[in-house]
Amino acid sequence: MTETTHPRMLEGIRVIDLTSIVFGPYCTQILADMGADVIKIEAPPIGDIFRLAGTPAVTPLMGACHMTLNRGKRSALLDLKTPDDQALMRDLLASADVFIHNVRDDAITRLGFGYDAVRALKPDIVYVHCMGFGPGGPYSDLQAYDDVIQAASGITTLESRVDGNPRPRYVPSTIADKVAGLHGAYACLGAIVHKLRTGAGQFVQVPMFEAFTSFLLEEHLFGGTFVPPTGPIGYPRQIDPNRQPFPTSDGYIAIVPYSEANIITLFQVMGAPELLHDPRFDNTMARLSNATEIYKELAKLSPARSTAEWVVILNDARIPAMAVRDIADITADPHLVATDFFHQREHPTEGTYLEMRQPVKFSAAPDIVVRPAPMAGEHTDALRKQFLEKTA
């Protein structure tokens with residue numbers, strides 16, 4: 001892999017990142033992928049606790065999740081309760097375009113890095129606060145982690161609507177953290193564009209609860225959209241118990257009969273054209289109102305062939321379909337292999353590792369290469385030297 005030969009999308013933008021775990025680091029990973037100079041400020045002695053997530057290859061504090069979430073960044077271990085490290089932090093902020101943190105309001109103010117204090121150092125700073133819950137409500141001062149937000153948003157009850165099991169369940173992913181991180185990334189970019197246009201910085205709040213609830217209810221607000229409600233909350237197609245991967249003779253397959261033409265073609269290529277004369281499916285309105293019955297019929301037809309056979313047949317018929325793959329096999333996916341999505345790199349201390357390419361491609365910067373995830377405090381001394389020389 002060659003080094004970047006084009007200017008990177010956020011070349012020259014410096015981000016001081018005082019976030020940890022997933023929400024904030026995922027946001028700043030996206031910015032780093034686009035070329036921002038992200039300086040990750042970590043508390044000694046171990047830094048971001050998420051460095052411990054995943055067995056490290058060689059070095060302690062270089063866990064698998066850190067290798068992904070904190071790629072492209074520089075790391076400085078600073079104790080922000082000490083005068084010297086506070087002074088360096090002030091110098092860093094004075095040089096920055098963006099300051100992003102996930103520290104509670106009262107705590108960051110006591111440290112001397114609340115919005116007013118930072119704006120005094122850098123009047124045009126984009127100051128981004130990643131928080132659990134937005135200000136003004138009864139949850140404002142509560143701590144928030146992914147499980148808490150999943151519970152509070154109601155997503156833990158969606159599976160109950162599908163299978164009838166009343167027990168709430170978490171989505172097995174840090175989904176709320178990552179969704180909030182994406183909101184944080186576009187918030188940063190929007191504020192940067194505003195700054196470039198007007199010369200003015202601003203205070204940006206990114207509340208995890210509100211971000212995830214907005215994401216969840218895009219479709220699931222459904223009948224609750226209108227006043228008075230026209231039906232229950234919950235998008236019926238998503239919570240239909242029969243809308244599940246369909247069994248084949250040797251596994252499972254996802255089939256999406258989404259359009260009118262898809263449904264007609266699907267019954268034909270699956271060897272059951274007679275179903276088009278069934279009163280449940282013999283006209284457009286009947287097919288639309290009996291979607292769950294269509295899923296039931298597909299589940300009866302799909303075991304007749306193997307997954308591979310169905311994939312060929314259905315894709316040839318232009319019906320959306322894909323084999324169900326175990327997540328453990330995803331790195332061997334032929335499309336991702338062909339596009340070099342997972343590519344091997346050499347880390348200076350950890351050896352060979354897999355890196356996922358940035359999924360978004362920019363024609364103006366097609367060959368972006370980011371630096372590997374840093375050791376804890378890897379760049380502290382260099383930053384001290386750089387800023388001490390400036391002030392000497």
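No hydrogens, no waters, no symmetry mates; every other heavy atom, side chains included, goes into these values.
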### Message
Measuring from atom CD1 of Ile294 to atom CG of Asn242, what distance do you get when rounded to the nearest 0.5 angstrom?
### Response
11.5 Å
### Between Thr19 and Asn102: side-chain donor-acceptor atoms closer than 3.5 Å
no
### Task
Mind running side chain to side chain donor-acceptor pair (under 3.5 Å) on Glu346 and Thr352 for me, showing each step along the way?
CA-CA 5 Å; Glu346 293 299 317; Thr352 306; 2.4 Å; yes
### Query
Take atom OH in Tyr353; do more than 12 heavy atoms of anything else shown fall under 6.0 Å from it?
yes
### Query
Does Asp240 use its side chain to pair, donor to acceptor, with the backbone of Pro236 at less than 3.5 Å?
no
### Query
Roughly how far apart are Met67 CE and Leu354 CG, rounded to 0.5 Å?
10.0 Å
### Task
Report yes or no: does Thr59 contribute a side-chain atom to a donor-acceptor pair with the main-chain N or O of Met62 at less than 3.5 Å?
no
### Ionic contact status for Lys195 with Asp124, cut-off 4.0 Å
yes
### Query
Can you tell me how far CD1 of Ile16 sits from NZ of Lys122, rounded to the nearest 0.5 angstrom?
9.5 Å
### Query
Is the closest side-chain donor-acceptor distance between Asp177 and Thr174 under 3.5 Å?
no
### Query
Do Ser95 and Arg14 come within less than 4.5 Å of each other through their side chains, counting heavy atoms only?
yes
### Nearest heavy atoms of Pro279 and Ala286, plus distance in Å
O-CB, 3.7 Å
### Query
With no hydrogens and no angle check, is any side-chain donor or acceptor of His220 less than 3.5 Å from a backbone partner on Leu158?
no
## Note on the structure
Interatomic distance, CG@Asn262 vs CZ@Arg287, rounded to 0.5 Å, equals 11.5 Å
#### Entry: side-chain contact (heavy atoms from CB on, under 4.5 Å) partners of Arg71, counting only residues at least two apart
Gln29, Asp33, Glu355, Met356, Val370
### Query
Can you list every side chain to side chain donor-acceptor pair (under 3.5 Å) pair that touches residues 178-192, not counting sequence neighbours?
Ser173-Lys178
### Query
Considering residues at least two apart in sequence or located in another chain, which fulfil the side-chain hydrogen bond (donor to acceptor under 3.5 Å, both in side chains) criterion with Gln238?
Arg243
### Message
Surrounding CZ of Arg237 (heavy atoms of other residues, nucleotides or ligands, distance under 6.0 Å), is the total greater than 12?
### Response
yes
Enumerate donor-acceptor pairs with a distance under 3.5 Å from any side-chain N or O in residues 197-209 to protein atoms, sequence neighbours excluded.
| residue | atom | partner | partner atom | Å |
| --- | --- | --- | --- | --- |
| Thr198 | OG1 | His194 | O | 2.8 |
| Thr198 | OG1 | Ala200 | N | 3.1 |

For a quick test of your reading: what N or O donor-acceptor pairs under 3.5 Å do the side chains of residues 111-119 make, sequence neighbours left out?
| residue | atom | partner | partner atom | Å |
| --- | --- | --- | --- | --- |
| Asp116 | OD1 | Arg119 | NH2 | 3.1 |

### Student check: side-chain heavy atoms of Arg357 and Asp340 closer than 4.5 Å
yes
### Query
Is a side-chain donor-acceptor pair under 3.5 Å present for Thr284 with Glu260?
yes
Sequence neighbours excluded and cut-off under 3.5 Å, please list the side-chain donor-acceptor pairs for residues 46-54, or say none.
| residue | atom | partner | partner atom | Å |
| --- | --- | --- | --- | --- |
| Asp48 | OD1 | Ile21 | N | 3.2 |
| Asp48 | OD1 | Phe50 | N | 2.9 |
| Asp48 | OD2 | Ile21 | N | 3.3 |
| Asp48 | OD2 | Lys40 | NZ | 3.0 |
| Arg51 | NE | Glu42 | OE1 | 2.7 |
| Arg51 | NH1 | Leu61 | O | 3.0 |
| Arg51 | NH1 | His66 | NE2 | 3.1 |
| Arg51 | NH1 | Pro374 | O | 3.2 |
| Arg51 | NH2 | Glu42 | OE2 | 2.8 |
| Arg51 | NH2 | Pro374 | O | 3.1 |
| Arg51 | NH2 | Met375 | O | 3.4 |

### Message
Do Val58 and Glu350 make a side-chain contact, defined as non-hydrogen atoms from C-beta onward lying under 4.5 Å apart?
### Response
yes
### Query
Does Lys81 come within less than 4.0 Å of Asp79, counting only side-chain N to carboxylate O?
no
### Query
Is Asn290 reaching over with its side chain to a backbone N or O of Glu293, donor-acceptor style, under 3.5 angstrom?
no
### Task
Give a yes or no answer on whether the side chain of Ser249 reaches the backbone of Arg305 with a donor-acceptor pair at less than 3.5 Å.
yes
### Task
Report the hydrophobic cluster partners of Met131, with the cluster defined as I, L, V, M, F, W, Y residues connected by side-chain heavy atoms closer than 4.5 angstrom, directly or transitively.
none
### Query
Could you give the distance from CG (Leu216) to CD1 (Ile149), rounded to the nearest 0.5 Å?
12.0 Å
### Query
Hey, are Thr157 and Arg161 close enough side-chain-wise for a donor-acceptor pair under 3.5 Å?
yes
### Message
Any donor-acceptor pair under 3.5 Å linking the side-chain atoms of Gln150 with those of Thr156?
### Response
no
### Query
Does a sphere of radius 6.0 Å around CD in Gln143 hold more than 12 heavy atoms from other residues, nucleotides or ligands, not counting ones at 6.0 Å or beyond?
no
### Task
Is it possible for you to say whether Leu288 and Leu276 belong to one hydrophobic cluster, with membership spreading through side-chain heavy-atom contacts below 4.5 Å?
no
### Task
Tell me whether Ile175 is reachable from Tyr170 by hopping between hydrophobic residues (I, L, V, M, F, W, Y) whose side-chain heavy atoms are closer than 4.5 Å.
no
### Query
How is the hydrophobic cluster of Val337 composed, in terms of its other members, when Ile, Leu, Val, Met, Phe, Trp and Tyr link through side-chain heavy atoms under 4.5 Å apart, directly or indirectly?
none
### Query
Sequence neighbours excluded, which residues qualify as side-chain contact (heavy atoms from CB on, under 4.5 Å) partners of Met322?
none
### Task
Please tell me if the side chains of Val148 and Phe133 come closer than 4.5 Å, counting only heavy atoms from C-beta onward.
yes
### Message
Does either side chain, that of Ser306 or that of Glu309, offer a donor lying less than 3.5 Å from an acceptor on the other one?
### Response
yes
### Message
Any non-hydrogen side-chain atom of Arg169 less than 4.5 Å from a side-chain atom of Asp163?
### Response
yes
### Summary
Students should find that the hydrophobic cluster of Ile327, defined by side-chain heavy atoms under 4.5 Å apart, otherwise consists of none
### Query
Shared ILVMFWY cluster between Phe99 and Leu92, side chains joined below 4.5 angstrom?
yes
### Query
Are Phe215 and Tyr139 linked, directly or through other ILVMFWY residues, by side chains that come within less than 4.5 angstrom of each other?
yes
### Task
Please tell me if the side chains of Cys27 and Cys188 come closer than 4.5 Å, counting only heavy atoms from C-beta onward.
yes
### Task
Just grab all the ring pair (Phe, Tyr, Trp, His ring centres under 6.0 Å) pairs involving residues 232-270, residues at least two apart or on different chains.
Phe222-Tyr235, Phe267-Phe281
### Query
If you round to the nearest 0.5 Å, how far is CG of Asp97 from CG of Asp37?
9.5 Å
### Query
Is there a side-chain contact between Tyr295 and Glu297 (heavy atoms, below 4.5 Å)?
no
#### Entry: Exercise: do Thr28 and Asp17 side chains pair donor with acceptor under 3.5 Å
yes
### Task
Test Thr82 against Asp84 for side chain to side chain donor-acceptor pair (under 3.5 Å), laying out the working first.
CA-CA 6 Å; Thr82 65; Asp84 287 349; over 6 Å; no
### Query
Looking only at atom types and distance, does a side-chain atom of Trp310 sit under 3.5 Å from a main-chain N or O of Ser302, one as donor and one as acceptor?
yes
#### Entry: Minimum-distance pair of heavy atoms, taken over all atoms of Ala180 and Ala211
CA-CB, 4.3 Å
### Any side-chain heavy-atom pair of Leu189 and Leu31 under 4.5 Å
yes
### Query
Can you name the residues that form a side-chain contact (heavy atoms from CB on, under 4.5 Å) with Ile192, not counting sequence neighbours?
Ile13, Val98, Leu196
### Query
Does His379 use its side chain to pair, donor to acceptor, with the backbone of Ser75 at less than 3.5 Å?
yes
